[in-house]
Every structure is written in C-alpha cells, then in structure tokens.
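Only one structure is covered here, and it is reproduced in the block below.
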Amino acid sequence: MEDTLKIEDIIKPENLVYKKTSVLTDVPMHYCYGCSHGVVHKLVAEVIEEMGIQEDTVGVSPVGCAVLAYNYLDIDWMQAAHGRAPAVATGYKRVNPEKYVFTYQGDGDLAAIGTAETMHAVNRGENIVIIFINNAIYGMTGGQMAPTTMLGQQTATSPYGRDIDLNGYPLKITELLAQLPGAAYVTRQSVHTPGNVRKCKKAIRKAFENSAKNIGTSFVEVVSTCNSGWKQTPVEANEWMEENMFPFYPLGDLKDGEREKPDAYLVQKLKK
Amino acid sequence: MGDIRLMKGNEVIAEAAIRCGCDGYYGYPITPQSEIMETLMLRRPWEETGMVVLQAESEVASANMLFGGASAGKKVMTSSSSPGISLMAEGISYIAGAELPALFVNVQRGGPGLGTIQPSQADYFQATKGGGHGDYKLIVLAPSSVQEMNDFVDLGFELAFKYRNPAMILTDGVIGQMMEKVELSEFKPRLTNQQVEETQGNWAATGKKKNRERHILTSLELQSEKQELHNQKLQAKYKQMEEEDVRFELINCDDAEYILVAFGVSARISQKAVEILREKGIKAGLLRPITLYPFPTKQIQKLIPQAKGFLSVEMNAGQMIEDIKLAVNGKLPVEHFGRMGGIIATPAEIVEAVESKLIGG
Ligand SMILES: Cc1ncc(C[n+]2csc(CCOP(=O)(O)OP(=O)(O)O)c2C)c(N)n1
Ligand code: SF4
Ligand SMILES: [Mg+2]
C-alpha cells in the first residue's frame, strides 16, 4: 500500500507517540508475565520523570517480590528489612525533609509484619508516599496466605481455602489507615485496564505532589494480580481479581485532603 | 576547655550528641536510660542545631529509622537497654550488612527476659559477637565514667564513619544513672547537606545526580559468589579494626602478677580491689578494655610472661572470660568473678576472689 508508513518515517521524532521513561533502567524485570509490579514500577518512574524529581527522590524497597525494585528505577535506593520500609523512610525523611521519599511494599510486608511501622508512620503524618501492592498473597516466598488473602482463597498455607476460624478475616488495612489523622491522601487503584492504569498514574502523581506540600502521608494501594501465586494465567488472574477482590476492596479515594489540624478545643488546651 | 558540670551519665549522652553535631536521634523509652531521650526533648536541639529527635513506636522501628537516616550519610543514633537492644538486632544486622554508620547506646540491665531494671553487663556476648544474624561485628566502646559517656559519643561516630559500620556504647545502669564531674565537649556544627555530599557523597543516598550511578543501600546479594566477596570485605574491615582501633587502659600492670580484666563499672570497682591487694603486698593490676570489640587480645598476650593468672570481673555469669581465655590459650589460669541480677560486686568480694581462685587455687 502506498500510504503505509515506512520504518524510516515511523522512527522520526515527530512521529513518536510513546517512549520509555529514562527513569526506568534497561534491565529486564524479573517479574512474572502478567504481574502488576512491573506496570506500577513504570508509573512511578514516569511520575518521577514528569515531575523532574529524579535527583531528589529516594525509594525504599521492601522484602517481597519488589525487593529488587532498585534494579529498575534509576534513583537512589534503600532496601529495608521486611515490613520496616515506613520506619526507614521516616528516618531518612526526618533528616532530609527536602527529598521525595517513597516506600513500595507488598501486602505481607505492609499489612502483616510491618503493620506497626505503617500505622505509626501514617499516624505521625510523615510526608512520604507509600505505594502498596495488594495481591492477596505472599508472592515471593511461593504463594502463602497474606493478611489480605480472600476468604476461601487457596494458598500454600491455606490449602483448603482461607477459613475465618483458623485464619481470621482479610485485613482492610487501607480502610484503617484512612481513619488516621496523619493521612492526607488514601486511595485504592488497579492497573488491569488502560483506563485504570491512567487513573493509577494520576493517583501516584498526586501522592508525590502532596509530599512536597508537607500535608501528611499519601498512600496508594494498587489491587494487583499475582498469577504465579494464584496459579492462573494473566487473563484469568485479571478476571479473578475483578470478580473476587474488587467487591471486597472497592476502588476509589478513601481520603483526599490533608492531615487533620487539631480542633479549636485542643489548640486551646495545648496553649495552657 | 569545655563546660564543666555535675551530670548523670545518661544526660551526658544526650548533651554530647547535640554537641558533636548529631543529625538525628530516634528512640523508645526504657529504664534505666529514659533520661537520654527526655533530656533531648527538654533541650529541643532542633531549635539550636537542627538535630531531629523522634520518639519511635518501638525499638524495631527506631533501629530501622537509623537505617534510613544513616543512608542519607547523616550522623544518627539511638539508645536503649537490653530488651530493647534485642528488638534492634534486626536493624543492626541490616545496617552492618549495608555498611552504614550509626551509633547505638545500650545502658544494660539484668536479664534474661524482662529481667531487672538494675544494672548488668550481661549483654557482652550480644554486643561483641554481633547480636543479630549473619557474620558481622559492632565496634563496641565501654565507658567506665560519666566523662567517657561524653567522650565516646563523638568517638563512636568517628569510628562508625571511619569503617561505615554500626558502633555501640555498651554501658550499664550504674554509669547511666551516676552523677559525676564531666567536662563537656566543645560544640561542633552539624554538617551541611553540601558537606555531607562532599564527605559521604560517594556512597550515601543523597539523590542520584546525572554524573553518577545510583546508590543502592542494601544488604541483599542473591549470587553466592558476590555475597561471599561482600562477607570477605566485611571481614577485612574487622581485621583492620583489630589492627588500628583497639583501645584499653592499664592500671598498675607494670609488675603485676595477678591481672584483673574488667570493663565499665566493674573496672571502677576492680581498681579499688587492686589498691587493697597492693596494700596486702599482692602484685595485682587491672587491664580495662575500652573497646570490647576489637578486643585487646594482643595486650593480654603481652602480659602472659609476667603474670600468674587472670581474673575476669564482670556483672554476668562469665562472658568476656571467653575472649580472655582465647587470648591466653591455656597458658595460665583464667578465672571469673561476677554478680548477677543487678547486684554490684564490692571490692572486698573481688579481693577474696583473687585470693581464693588465683592465689590459693
Ligand atoms: C523477617 C522475615 N520474615 C520472613 C521473610 C520471608 N519473606 C520474604 S518475602 C515474604 C512475603 C512477601 O509478601 P508480600 O509482602 O505480599 O510481597 P509480594 O512478594 O507478594 O509482592 C516473606 C514472608 C523475610 N525475608 N524476613
Ligand atoms: S510471584 Fe506474583 S508478585 Fe511475584 S513476580 Fe510473580 S506474579 Fe508478581
Ligand atoms: Mg503480596
């Protein structure tokens, strides 16, 4: 066909429609096909590039599948002990308040072993960003039950399905965190469709912008897939997530504002 | 000359931190060291030097906050007492693995478990043999006076930064709670971000500049060959500490035949015991290790030709004695005397122990 673009034309700068952000390194990611981690990494990297804050951003990687996140984003990194990323981020941010600091944590990391560090960092209103990948399972260690695992969901340590009597209830940690006065922005997103990817990126951008305004903690949960852990194909995993997780973990903002100011009575009392 | 004051050991730690240009303190209350954070909060150094003071939700968190602050190339510290240090073991191991400088203070109390709030030296093993998991060492300083509580804060930071390794001041409830005359250090300004960049910019996470590779502060290495190289690098560092930074004090050792080895408050009491023994005509001396790691092994070996025996005086069931025995290597008797449960030995008890365990034995 006459009017088909030739390869020489396609690669012309004026025909560029999409370019990998330079904040992502060229290292191939270790994540399984269909895993949400890679998409969220890309979004964080794009936000960092678009805001022009590469030199001023420091990430904290968790223990979990994203432990090696530092191989993929071209910024300075700290690698925290399991669950301690919010404490590490706090320690850094307090002595370097002008930097953008974010943690990137899985559900085992953030909502089981690191519950205390997460709650208290948010309650103090640390001016950090927390990216929370909720895939309802311990991906890295081979698919064991997480605090967020759904009732009836089969995992390596709940082989007959999560049972309330044996395992308790799935933990809606994001709802808990949204109650805390130190939180500025608490939202739940997903990255399973192009539309959701765009929304999620907006949320991440807002979270990073908040952290420069010193208005409290910004927390972005991404309801995610772990097709390896769930033993599903990527397509099945997306469907399973929509069907089973979204009703229990509904998408949308839980809080959007800034950390609470003490009410007039308290201010009066504090003055005494 | 610096200011001369009459102060509690714990308060001096706080004052010394402010004066040496510390950037951040993160802690959690526990007896017998709570005065450290209390003094800092009263002093409000953030208004004076910009130093941050933060009460954490636990010792697990405070140790990991140190990981963050230290990653920025800043001078950060915490303090606790025995049960709290156990909780910090995770953070300390990660800090050692990632090669970060940080200062820990352990004002020891008796254990195991919740134990007692009375003084003890039962965390010698925990401090000198690592405490957390993996092959690592802490630089361990043992002050035996309130003056040294002042001096070792600065020294602790100096050594921590020299080796990019966690350092610990291992003291006890006596030195922490005791009031003594102290000459406080002169004020040193905190480093500016520019100065941190100049001095620590080759490794710290100060934000990735265009002209350098990213800095990744991690203790993770998935390839065994590389992890072994990392372990070897750490071991070489510890070897260097053993060569360059052993510190100790010798008291009446020139002609001593019976040598007491004691640190911290036990050294103070042992010094009195040496005096009594000398009055009795017994040639006693005291070797006081100041660095418990690196341990003054060579100094002990130098004393072997003149000595008839060693007595390790510790407020525990016998921990440092193992390092003395390793140094002496069976050439002479090495005995232990210690009280536990928070009981402080008397000089008379120590004299008796020398007479019964070394001379009579
Ligand atoms: C103290 C400690 N306990 C347990 C582990 C083992 N471990 C590694 S990753 C992990 C779970 C990670 O799950 P999650 O946070 O959900 O991350 P995902 O891999 O699913 O992204 C566990 C239990 C560890 N590394 N450290
Ligand atoms: S195990 Fe799960 S979370 Fe980990 S990379 Fe694979 S799909 Fe992603
Ligand atoms: Mg998970």
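Per chain, numbering begins at 1; letters A, B, ... match sequence-line order.
Residue B/Met65 holds its CE atom at 14.5 Å from NZ of A/Lys93, rounded to the nearest 0.5 Å. Separation of atoms CG (B/Leu217) and CD (A/Gln79) is listed at 10.5 Å; rounding is to 0.5 Å. Rounding to the nearest 0.5 Å places CG of B/Leu54 at 6.5 Å from CD of A/Glu126.
Test B/Asn193, B/Asp23, B/Val196 against A/Val95 for side chain to side chain contact (heavy atoms under 4.5 Å, CB included) and you get one pass: B/Asp23.
Residue B/Glu228 qualifies as open at atom CD: its count of foreign heavy atoms under 6.0 Å is 12 or below. The number of heavy-atom neighbours closer than 6.0 Å to CZ of B/Arg44, taken from other residues, nucleotides and ligands shown, is 12 or below. In this structure, A/Phe208 places its CZ atom where more than 12 heavy-atom neighbours from other residues, nucleotides or ligands lie under 6.0 Å away. Under a cut-off of 6.0 angstrom, the local environment of CD in A/Glu98 is crowded, with over 12 non-hydrogen atoms contributed by other residues, nucleotides or ligands.
When atom types are taken as modelled, the side chain of A/Tyr92 and the backbone of B/Ala205 share a donor-acceptor pair closer than 3.5 angstrom. Using a distance-only test at 3.5 Å, with no hydrogens or angles considered, a donor-acceptor pair links the side chain of B/Arg214 to the main chain of A/Asn71.
Within the 4.5 angstrom heavy-atom criterion, no atom of B/Ala63 approaches chain A. Residue A/Leu68 touches chain B through its side chain alone, counting heavy-atom pairs closer than 4.5 Å. Contacts of A/Ala81 with chain B are made by both backbone and side-chain atoms, with heavy-atom separations under 4.5 Å. Contact of A/Thr25 with chain B is made through the side chain alone, with heavy-atom distances under 4.5 Å. Interface residue A/Asp74: backbone and side-chain heavy atoms are both found under 4.5 Å from chain B. Only the side chain of B/Lys74 comes within contact range of chain A, with heavy atoms under 4.5 Å apart.
A donor-acceptor pair shorter than 3.5 Å cannot be found between the side chains of B/Glu57 and A/Asn123.
Using a cut-off of 4.0 Å between Lys/Arg side-chain N and Asp/Glu carboxylate O, B/Lys208 and A/Asp76 are scored as not salt-bridged.
Across B/Arg212, B/Met51, B/His215, B/Lys209, the residue that shares the most heavy-atom pairs under 4.5 angstrom with chain A is B/His215. Comparing B/Gly50, B/Ser58, B/Gly68, B/Ala56 by how many heavy-atom pairs each has under 4.5 Å with chain A, the most go to B/Gly68. Chain B forms the most heavy-atom pairs under 4.5 Å with one residue out of A/Val58, A/Asn96, A/Val63, and that residue is A/Asn96.
At a heavy-atom separation below 4.5 angstrom, chain A is approached by B/Val76, B/Glu90, B/Tyr94 within residues 75-103 of chain B.
Side-chain contact check for A/Met78 versus B/Ile216: every heavy-atom pair is 4.5 Å or farther apart.
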For the pair A/Arg84 and B/Val60, evaluate side chain to side chain contact (heavy atoms under 4.5 Å, CB included) and give the outcome as yes or no after the intermediate values. CA-CA 8 Å; A/Arg84 316 295 177 226; B/Val60 173; 3.1 Å; yes
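Taking each heavy atom of B/Ala61 and A/Ala87 in turn, the nearest pair found is O-CB, 3.7 Å.
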